[in-house]
Amino acid sequence: MRRTLVPSALALILVAGLATRAAAYEAMAVTDGGTLSGTVKFQGTAPPPAKLEVTKDPEVCGKEKTSPDLVVGSDGALANVVVTVKAQKGKKLEPPAQNPTFDQKTCEYKPHVLAFPAGSTVDVLNSDGILHNIHTFGTANPPSNQAQPKFKPKIQVKVEKPETIQVKCDVHGWMSAWWVSTDQPYVAVTDASGAFKITDLPPGDYEVELWQEKLGKKTEKVSIKPKEDTKVAWSMTKS
Amino acid sequence: MARRTTPIDDEKRSYGAVWLVTSLLLFVGALWCIADDNLFRRPWKKFQAEFNRLEIQHLKDAIAAEQQRLDADPAYQQAVKTLADARVSASSGEIARQIADLQRELRRAQQQDQSKDLNLRFVKSELEELRFKYDDALHAGRPTEELLKEIEARGQLRAERQQVYTESQQHIEALQNEITQLESAVKTAEDEIAKLTTARDDVQQKLEGVSLGYLPGPKATAPYFGFDWQPKIPRIQQIVLEEFDRNNFDKPVARVDRCMSCHAGINKPGFEDQPNPWKTHPHRELLLTKHPPEKFGCTPCHGGQAPAVNSPETAHGNFVDEHGHLENVEFIERPLLRGEKTTAQCIKCHAGVQNLETADEIGRGERLFEQLGCHGCHLTEGYEDLAKSGGVTSIAPSLRRIGAKVDHGWLIRWITNPHQFRPRTRMPNFMFEEEQAVQIAAFLLSDTKQPSEEWLAAHPAPAAAAGTELAAKGKALVESIGCRGCHAITEDEVAGQLGANKDIAPNLAKVAEKTDARWIYHWLKNPRGYSPVARMPSLRLSDDEARAITAYLVTLGTKRPAPDALETRLTDVANAAAGEKLVRKYGCAGCHDVPGMENESRIGVELSAFGSKTREELFFGDRTDVPETWDDWTYNKLLTPRTYATKWIEQVMPQFDLAEEDIKALRAFLSSRTDSKVPVKYLYRPPGEDRVVAGRRLVARYNCTGCHVVEGRGGDIRRLYQEQPTFAPPMLNGEGEKVQADWLFNFVKAPVPIRPWLQLRMPTFGLADEEANTVVGYFEALDRVQVPFVHLERAALATENVEAGKLLTSKDYFDCFSCHQRGAVKPQGPPEGWAPDLALAHARLGPEWIIKWLRDPQKVMPGTKMPSFFPGGPPDVLGGDDEAQIRALRDYILSLGMPEPSPQQAAHVVTGGPGTSQ
Ligand SMILES: [Cu+2]
């Protein structure tokens with residue numbers, strides 16, 4: 001009896017410690033959760049996509065690229081927006097069953113914005129078969145800079161703390177991406193059609209933060225009802 | 001006058017009353033003596049007894065906490081249970097019976113063994129006797145056959161008995177083993193518990209050590225039930241520092257420190273939260289580990305009356321009164337040093353204090369003292385030679401050609417109050433009247449007329465050094481080539497900082513008010529061409545670049561009107577004569593190179609023993625409000641230097657406008673200037689310390705830390721590269737280990753670009769050979785490099801290593817040349833994406849450093865673009881051995897750019913190669 005009590009008490013302390021550190025997000029069972037889904041669009045006329053000059057390894061990287069820092073699709077659909085519901089409590093932040101993957105293909109990062117729970121290990125793939133390096137510029141997490149030569153199709157990088165981290169390649173100066181390590185589960189990144197979906201939200205009123213690397217931050221408000229899909233159509237623009 | 005006539009018989013007179021009173025007095029006196037000696041004058045006993053109680057309580061608490069942890073530990077619970085079970089089964093049941101049987105059997109066997117042993121010995125003795133008889137018979141010529149037979153028979157018997165005895169021994173051993181085996185469960189369980197309770201048992205042992213033992217005591221509560229740990233009886237704790245002091249005859253005498261009689265917990269962890277005198281020393285781990293009190297005592301750092309134990313006030317020599325003000329006790333020679341004055345003492349043993357942990361004030365104070373130029377006016381032992389460079393006064397800019405440089409109106413305003421123009425300038429304010437300023441300017445301009453005119457004649461105004469477009473180009477250059485490592489270009493910017501509120505190099509926000517395009521252009525091109533003691537380096541600017549920067553700088557600020565009739569007044573001979581007197585009186589030549597005043601002596605008082613001054617030696621003038629202590633005098637002197645002037649006594653020290661913390665740091669430094677010297681054996685003089693001190697001074701003089709991080713400090717320009725730290729200048733931590741000494745020497749003498757991606761330029765400082773050597777010696781000493789030079793030759797590099805290294809750098813493996821330049825072979829893409837030329841490595845880098853670098857570049861230079869390739873080298877090269885691959889890469893890199901060996905060289909390899917790293 002006593003032997004089982006002690007480890008569970010320890011676990012409780014550990015969980016409590018983690019919870020206080022992670023801005024007091026409280027895990028609980030969510031039974032009648034609602035869904036938030038919708039799209040984010042670019043308001044106004046989208047600027048033409050910036051051209052990136054490929055200065056190296058053109059046989060693998062291609063001749064010319066457009067910058068992924070502001071991708072506006074048809075109808076103004078805005079990709080790569082990080083949508084964060086500022087929930088104080090809700091479903092448990094589970095580490096993903098499979099490691100999030102982050103590929104380097106034709107000298108571009110796929111995806112350009114990768115969100116995952118803090119504590120995850122990112123599987124970094126190299127589909128190009130040339131030298132890249134994964135240089136992370138975190139502050140809460142120690143910065144790391146690992147080479148990924150041809151003979152290493154996969155390396156792993158663990159991200160312990162919640163933080164938005166820029167990832168760059170020093171071999172190919174134009175390569176840049178963002179890792180969003182989160183301390184709660186209600187985070188999504190918009191796809192190419194600007195769409196996102198966040199499920200199992202406990203009913204209530206929330207502030208939602210939109211973040212896009214070029215457009216900055218924007219706050220929206222939303223009301224989630226039990227077992228209902230709340231549809232939103234938000235927009236962002238240059239400030 | 002009537003004489004007493006009746007003689008008194010002394011024999012008859014009774015002295016009983018006198019005797020009684022006297023002996024009573026004596027008795028009371030003796031009682032008082034004992035009481036005074038043991039109680040009233042021994043306050044330390046009370047303090048120490050209290051600490052002993054505290055410590056016992058502390059250890060008891062620690063044991064209780066540890067026991068609580070153990071009780072909650074499932075492993076411990078299990079071990080306790082296992083032991084109990086083992087004991088039970090060893091004392092009852094089947095095993096107990098078996099043990100008892102075996103022990104019975106063992107006793108019997110041991111008894112029999114004794115008689116077997118005896119039998120064996122008997123036969124051995126008999127055999128010896130027979131051999132003797134045989135020898136005897138042989139020499140006496142008697143028959144020996146019988147004896148020989150007998151010897152043989154006995155020999156056989158001995159062998160038999162030996163066999164019996166050996167078997168008996170084996171039997172006993174087997175029995176013992178069997179018993180141990182059966183009892184082993186208990187032993188194992190006991191050992192297991194002992195392993196888990198090590199921490200508790202250690203504390204327990206400590207507790208036994210600090211107490212008289214576990215004796216009947218007043219605390220009859222559980223768990224002690226009438227017994228408790230009894231504190232030891234307080235004793236004087238003293239430390240004898242042999243030959244630390246000198247007596248009045250200048251003979252070495254010991255110093256006796258008794259501070260720890262009261263401060264009993266000073267070197268014991270766990271009392272950090274206690275008040276004094278029981279408190280643990282702050283930073284105990286760092287400070288007391290390096291300075292164990294048994295060796296260094298307390299008073300060398302803290303001052304105070306070392307052997308005094310009568311009262312805290314007399315031992316300390318001062319106390320903090322109820323208003324929080326420090327009061328001195330009268331007639332005490334060595335009052336306790338408090339606050340920053342304690343850390344100021346570090347400098348008495350440590351030659352280099354500018355980077356000592358926990359001693360910030362003294363380091364800061366020394367830096368300020370050196371760089372504000374206090375030693376220009378005040379002779380100070382150890383800092384005598386700092387004011388001059390190559391024999392020329394060089395604390396402040398040379399005034400030798402001032403006539404060619406400055407706007408006359410500006411010069412008057414500057415002399416009147418430099419802080420008005422540049423609040424953060426190092427130049428102090430002499431608070432001259434405008435008339436005096438004109439006189440000084442008149443003297444300086446006439447005194448420097450000839451050299452100024454000569455310089456102007458040789459340096460014509462640059463053609464077309466103006467225009468918006470050119471200025472924009474100049475601005476871009478100023479912002480990219482490194483000017484801002486030292487210079488701020490807006491009024492509120494801070495570049496190289498000295499103390500809290502001073503700049504190392506001038507703020508350029510209003511430079512055009514001060515000087516003109518002609519001077520700026522030539523100064524930029526070649527600072528030493530204007531002033532041989534210029535600290536400003538050359539950035540190897542082309543004429544176009546210098547013109548562009550000039551065009552930009554002349555847009556910063558505008559000329560302002562000069563006072564009326566200034567030019568007439570400046571050429572007035574009487575004014576120049578008056579100005580010369582002023583320049584001498586106020587000691588301008590202490591900091592500036594003034595023609596004709598090269599050999600002026602320092603005008604300030606000597607500060608070598610300033611810290612030893614008593615308050616009687618300090619003149620407080622009319623300041624009746626300043627408490628009469630050294631601290632208060634010095635603080636107010638630095639705050640308002642002329643504050644002690646009176647109607648009759650003039651003071652000339654200028655106003656520095658120092659920040660509070662800088663005043664305190666300088667005061668700390670001054671408090672360390674005393675006439676007492678620490679004996680040599682207490683000094684800290686690690687090898688290379690002198691080179692470090694000299695190097696730091698040079699680094700400060702040329703403000704290397706404006707761009708580079710050196711010893712973890714500086715890198716001011718990094719403020720502009722926060723987004724892109726890879727474009728900031730390299731950090732020089734570990735530089736001595738990194739580069740070869742001869743390369744560094746040549747590089748600082750004549751820098752060449754080695755990082756093609758940097759727009760910043762390493763300037764050419766025009767260092768003298770001596771200075772360049774100081775730089776090399778400094779970095780070598782910092783990294784404790786024992787062998788600064790390496791000899792590398794191509795033939796000494798193992799071919800298989802070079803080949804494997806070459807393979808590893810190829811596209812299929814690490815693809816090093818994707819970024820690294822290799823001589824003439826340049827990487828693809830723009831230069832900002834390139835990495836250093838590996839063909840230079842053999843001449844530049846330390847072979848051992850390359851190994852370290854390849855193992856973990858981020859550890860050597862945090863933030864570097866160079867990614868880590870190890871651990872995780874390819875499995876198909878050199879058997880996948882990371883270390884072997886690192887060595888191979890190193891050897892290959894070293895081979896690049898090295899000439900191929902001639903056949904003769906290959907046959908006569910003179911070195912063993914760069915060695916194999918651990
Ligand atoms: Cu890349």
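First the proteins, then the strands, lettered A, B, ... as listed; each starts at 1.
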- Message: Restricting to non-hydrogen atoms, name the atom on B:P867 and the atom on A:A147 that form the minimum distance, rounded to 0.1 Å.
- Response: CB-N, 3.4 Å
- Query: Residue by residue, which of residues 871-881 of chain B have a heavy atom closer than 4.5 Å to a heavy atom belonging to chain A?
  - Reply: B:P871, B:G872, B:G873, B:P874
- Message: Tell me the closest heavy-atom pair linking A:L131 and B:F869, and the distance in Å.
- Response: CD1-CE2, 3.8 Å
- Task: State whether the number of non-hydrogen atoms from other residues, nucleotides or ligands found under 6.0 Å of B:K852 atom NZ is greater than 12.
- Result: no
- Would you indicate whether the side-chain heavy atoms of A:K56 and B:S818 approach each other to under 4.5 Å? yes
- Considering all heavy atoms of both residues, which atom of A:D170 and which atom of B:K865 are nearest to each other, and what is their separation? OD2-O, 3.2 Å
- May I ask you to check whether over 12 heavy atoms, not counting those of A:K110, lie within 6.0 Å of atom NZ? yes
- Task: Under 4.5 Å heavy-atom distance to chain B, tell me which part of A:K152 shows up: side chain, backbone, both or neither.
- Result: side chain
- Task: Answer yes or no: is there a side-chain heavy-atom contact under 4.5 Å between B:Q828 and A:D57?
- Result: yes
- State whether the number of non-hydrogen atoms from other residues, nucleotides or ligands found under 6.0 Å of B:E479 atom CD is greater than 12. yes
- Note on the structure: To the nearest 0.5 Å, atom NE2 of A:H172 lies from atom SG of B:C819 at 7.5 Å
- Take B:T864 and A:H135, measure what side-chain contact (heavy atoms from CB on, under 4.5 Å) needs, and give me the verdict at the end. CA-CA 10 Å; B:T864 177; A:H135 197 163; over 6 Å; no
- Item | Heavy atoms from other residues, nucleotides or ligands near CD of A:E59 exceed 12 (cutoff 6.0 Å) | yes
- Query: Is there a donor-acceptor pair closer than 3.5 Å between any side-chain N or O of B:S868 and the backbone N or O of A:N145?
  - Reply: yes
- Query: For A:Q156, does the CD atom sit with more than 12 other heavy atoms under 6.0 Å from it, leaving out its own atoms?
  - Reply: yes
- Item | Whether over 12 other heavy atoms sit under 6.0 Å from B:Q759 CD | no
- May I ask you to test the A:P142-B:Q858 pair for a side-chain heavy-atom distance under 4.5 Å? no
